[in-house]
Structures are given as C-alpha cells and as structure tokens.
Protein chains: 2
Amino acid sequence: MKIKPQKSVDLSAQIAQAIRDAIISGKLIVDERLPSEAELSDQFQVSRPTVREALKRLAAQSLIRTQRGASGGAFVNRISFEDAYSQQVTTSTLLLSMNAVSFDTACEARFALERACAPLSAQRRSADQLATMRAEIFRQAQPDLTDEAFCASDVSFHRSLVDGAGNPVLSYQLAGAVEAMQPLMNMITFSARSREEIIALHSQIADALEAHDAHKVDVALVELEKYTRKLAQDVAQQHRKPA
Amino acid sequence: MKIKPQKSVDLSAQIAQAIRDAIISGKLIVDERLPSEAELSDQFQVSRPTVREALKRLAAQSLIRTQRGASGGAFVNRISFEDAYSQQVTTSTLLLSMNAVSFDTACEARFALERACAPLSAQRRSADQLATMRAEIFRQAQPDLTDEAFCASDVSFHRSLVDGAGNPVLSYQLAGAVEAMQPLMNMITFSARSREEIIALHSQIADALEAHDAHKVDVALVELEKYTRKLAQDVAQQHRKPA
DNA sequence: GAAATTTTATTTGTCTGACATTTAAAAGTC
DNA sequence: GACTTTTAAATGTCAGACAAATAAAATTTC
C-alpha cells in the first residue's frame, strides 16, 4: 500500500482512498487485519487522528469494521446484502427527495424494475413468500389501518414479490427502489375506495403468482402502475384547486 | 438536533447518526450550514476530534461537504446522481466479489433489469444515444482491441441503452448492476468468433431501437443473455478440463 | 470617493501527547 | 489442571496548540 501525494485534498481522504483501492483490487482480503493506527500513521507519515478520520470514512461505507482491545484493530469487512441494502435505501431516499424527482419518473422506474422480477417470481416464488403476500393483503383490508401502515404493508407486499425471484442481486437492487418510493407514496392519501382498488390488484397479483402465470402478473402490475399514477395526478390536481 | 445516549457504540457514530437523521427527516435542508465543529462539540458535549470523525463519516456518504476559511464549515450536500452512482458501483462491485455471487445469478439480474429498460428506450432513445451505440459497436469490431477494452466498450453500449429510457432513476439503478458485472465479464476471454456473435446481437439491438421496435430489442437481449451464459459455462468447463 | 491593499477573524486541517476502556493472552495461584 | 489476576496492546476520547485557507473588515493609496 503506497502513498499518493496530491495537494489540495484532505490527507484523510487520500489515505482512505488508498486503503479503499487496496480492498477493491484485492490486495487486502476479507477479514484481513489492517496495521494498527500507530503503524498506519508511521507508514503514511501522518498523525493518528488523521488516520482515524480515514478509517471512519471507510467504516461509514461498511468497508471495514473495528474491534477494541488486544488483537483488535480494523478488519476488512465482508459487505453483506443487508449492509448494501440499507446504504442503498438511504442514498436512494435522499436522491429522490433532494433532486425533485417527479412522482411519475420514480413510479415508472419502480414498476419497470418490478416487472422485470415478475416473470422470475412467477416461476420460483415459494409457498412462504406467497403466504406473506396474502397476509399483507389481509392487513391492508383492515379499515382502521393508518395511511402510513398501509404504505408499509404495501412495501412488504412488493418486497415479497421481488424476493420471490430468488435472486439476491435483484432483491438488493430493487429493495432500494421500492423503499425509497415510500415517502413519496405516503404523500398520496388513500380513500377507502382507492384501497379497495389496490387490494384487488394485489390479490390479482397473488393469484397469478400462485398459478405461476407470469403474463397475468405483468398485466396486473401494469394496471397497478396506471392506477397509482392516476391517484397521484388526482392529488396534484386537488392541490391546485383546493376549493 | 438532540443527543441520543447509548452505551457500547462509538460516540462519533452516534453523532453521525443524529446528524444523518436530521438530514433525512428534513430538519436540515440542502446547502444549509451545520454549526462549526467547535459549536457541535459544545452541543454534543464531546471533543472536536470526535465531532470530526462523525463529520468524516457523513462526508464519505456524500451527505455533507466542507469548506475551509471564514464563513466555511460543513454544508448539507445535494446528492447528485453521479455521487450516488459511483457509490453504488463501488458497493455493488465489492458485494459481488466478496460474496461469491455466481455468474449466472449476476447475469440474470443484470439482463432482467436491462430488459425492463428496453421498451422505454425503444420509445424514447435519442439520435445521439443511438449514435453512441453504433460507435461502440464499430470499436468492438476492431481486431486489435484488448479484452478489457472490449468489455469497457460493452459497458458503454449497454449504458447508452439504459440511458435511452430517459429516466434518471432507472439509469442510476442500472448503472450499478451493469458496471459491477464488468470484473466478472472480464474473466470470460473472448475469441474472435465470440466477439462476432456479440457484435451481431448488439447490431440487432441498435437496429431495433432505431426502428422503435421494443419486441425485437427484447428478443435480442434474451439471445444475448443466453449467449453470455453459454460463454461463461464454456470457460468454466475448460477450467475443469485444462487438457 | 473609489479602488486596491492589508489586516483580522473565523473555520477547517493537522499535530502532539495523554488518559480511559476494552480485550485477549500471559502469568500466577490454588 | 482449572481458575483468577495481571499485563500488554489496541481503539476510543480528550485537551490544547498551530497551520492554512478564506471572506469580511479596515486601511491605505490614488
């Protein structure tokens, strides 16, 4: 691991990048212990606080983990799907909220991705996943459910659909898109009539998955997307004409 | 912004989380200036190095940026699609390489997502994007191209396809999946015969996009996925029987 | 009076040195 | 040999200091 002389950039950022490169290139492998902070400060010719700032940067990306005590130190972390997943949700959520992404754009992306999973899910969904989806549909039918709880259940339902594809890479990618949409979805208030409609479409999806009918799943998803966008439009229109 | 007392967790991690929550919940808005490090150490009752470690964690996630000098400080950063994109590529790449994700799984995910973009791209692709794809196809036909350059061109080609959908959220999600696959793709060595086949399919895709024919794009992509997986299988088989 | 220059204050970046806390291994005790 | 105590190594935290960058204020100059 070499030094990388460059002005006008934080030393801690440079050191973090050097270690990051070493991990990505495979020079440092999973569970390998990095040199101690004292050794790193020697090696890079900087003080320990600077090294620590660099290590914290890497820890924030789940690239390393640290342990205290003798035989402790910083270790290269095996990034788990959960780690990656939660990072993606945070990033995607902020990306949507900070960049004024239109509801239509986010919605289109989400359903496009979800429809990509549907055929695989129709083929492979487990009985367990199907049961989860039915349970969520049941919950959604409870009249005293808050809008937030309804949306949370909606997310669970769609996550099960995605997980049904049995492809962890797909699940990881999609989870971000689906969950990041939730704050936007929460802005749509659901009338009893709207919920009925959504639940009916969810049931159609579950039925189609049970029958391993990929085409019917797709049709229902297209319908659901259309309906979701219509709801958003209605809400937007009401905002313009509050009288 | 309150304190959150909890033992057995780094103070810097707790402080980072508190600020992160404030950003996500909207209590801190884009371009707003955080209190100075001195003020934050007062507010949280910790030392400045501890505050700095917390801030570096947030900087690593592009949640804040810092400026030196008078009227400098830490500012809430508007996460750009590029920021999010590069983070996603890093995470996805490590996720694939560290977790022994099979080539088939990664390949399936990638093509499933890409096929989700195809109909939109067939509808909306710009002339410019089409020209980029043609240019990449031409480059891929150069006989003296290294395998790495061929793969890089392949990534560019597919990125253009995805960007053609004209949906930045889709582009951001997909870019990670496509680029993270490149190291895996690099492990497949391409014979002249294989390249021809791939280029032919790329041309089919470009032609179909030019004709706005979504179905033909999909057919070609399915074909390309099949061929890619076959190539990977052949390579794996050769490894088992090197004689 | 206006423009250019200098000064000043503020803030982050970095360093030194120290102590606290945790943890595993070594040493000691029964 | 099993248990307890000690020790050493490492991260976590703190305090105080100086360097460097930068914008605003004060001063000088014409």
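Side chains included, hydrogens not; waters and symmetry mates left out as well; all remaining heavy atoms used. Below, chain A is the first sequence line, B the second, and so on; all start at residue 1.
A straight line from CG of B:Leu40 to P of C:dG13 spans 13 Å, rounded to a whole angstrom. Atom pair A:Ile15:CD1 and C:dG13:P shows a separation of 14 Å (rounding to whole Å applied). If you measure from atom CZ of B:Arg52 to atom C1' of C:dT11, you get 10 Å, rounded to the nearest angstrom. Rounded to whole Å, atom C1' of C:dC15 lies 18 Å from atom CZ of A:Phe44. With rounding to whole Å, B:Glu39 atom CD is found 9 Å from C:dT12 atom P. Straight-line distance from the CD atom of B:Gln67 to the C1' atom of C:dT12: 11 Å, rounded to whole Å. Atom CZ of A:Phe75 is separated from atom P of C:dT23 by 13 Å (rounded to the nearest Å).
Salt bridge present: A:Arg57 and A:Asp10 bring a charged side-chain N and a carboxylate O closer than 4.0 Å. Salt-bridge formation is not detected for the pair B:Lys56/B:Glu53: no Lys NZ or Arg NE/NH1/NH2 atom is positioned less than 4.0 Å from an Asp or Glu carboxylate oxygen.
Remark: A:Ser71 is not in phosphate contact with C:dA24, judged by side-chain N or O atoms under 4.0 Å from OP1 or OP2. Distances shown here put every side-chain N or O of A:Ser12 at or beyond 4.0 Å from the OP1 or OP2 atom of C:dG13.
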### Task
Would you check, one step at a time, whether the test side-chain hydrogen bond (donor to acceptor under 3.5 Å, both in side chains) holds for A:Tyr172 with B:Ser92?
CA-CA 9 Å; A:Tyr172 148 67; B:Ser92 298; 3.1 Å; yes
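Put simply, the side chain of B:Ser121 never gets that close to the backbone of B:Cys117: no donor and acceptor are under 3.5 Å apart. Side-chain atoms of A:Arg48 do not come within 3.5 Å of backbone N or O of A:Ala38 as any donor-acceptor pair. Counting only distance, with no hydrogens or angles, the side chain of A:Gln14 and the backbone of A:Val9 share a donor-acceptor pair below 3.5 Å.
Annotation: of the two residues near DNA chain C, A:Ser47 and B:Gly73, the 5′-most nearest-nucleotide partner is B:Gly73. Remark on DNA chain C: of its neighbouring residues B:Arg48 and B:Ala70, the 5'-side contact belongs to B:Ala70, judged by nearest-heavy-atom nucleotide.
Residue B:Arg65 is classed as having no contact, given no heavy-atom separation below 4.0 Å to the nucleic acid.
In terms of heavy atoms, B:Leu55 sits closest to B:Ile64 at O-CD1, 3.4 Å.
The footprint of chain B on DNA chain D, defined by a heavy-atom cutoff below 4.0 Å, extends from D:dG12 to D:dA23.
For a distance-only test at 3.5 Å, the side chain of A:Arg68 qualifies as a donor-acceptor partner of the base of C:dT21.
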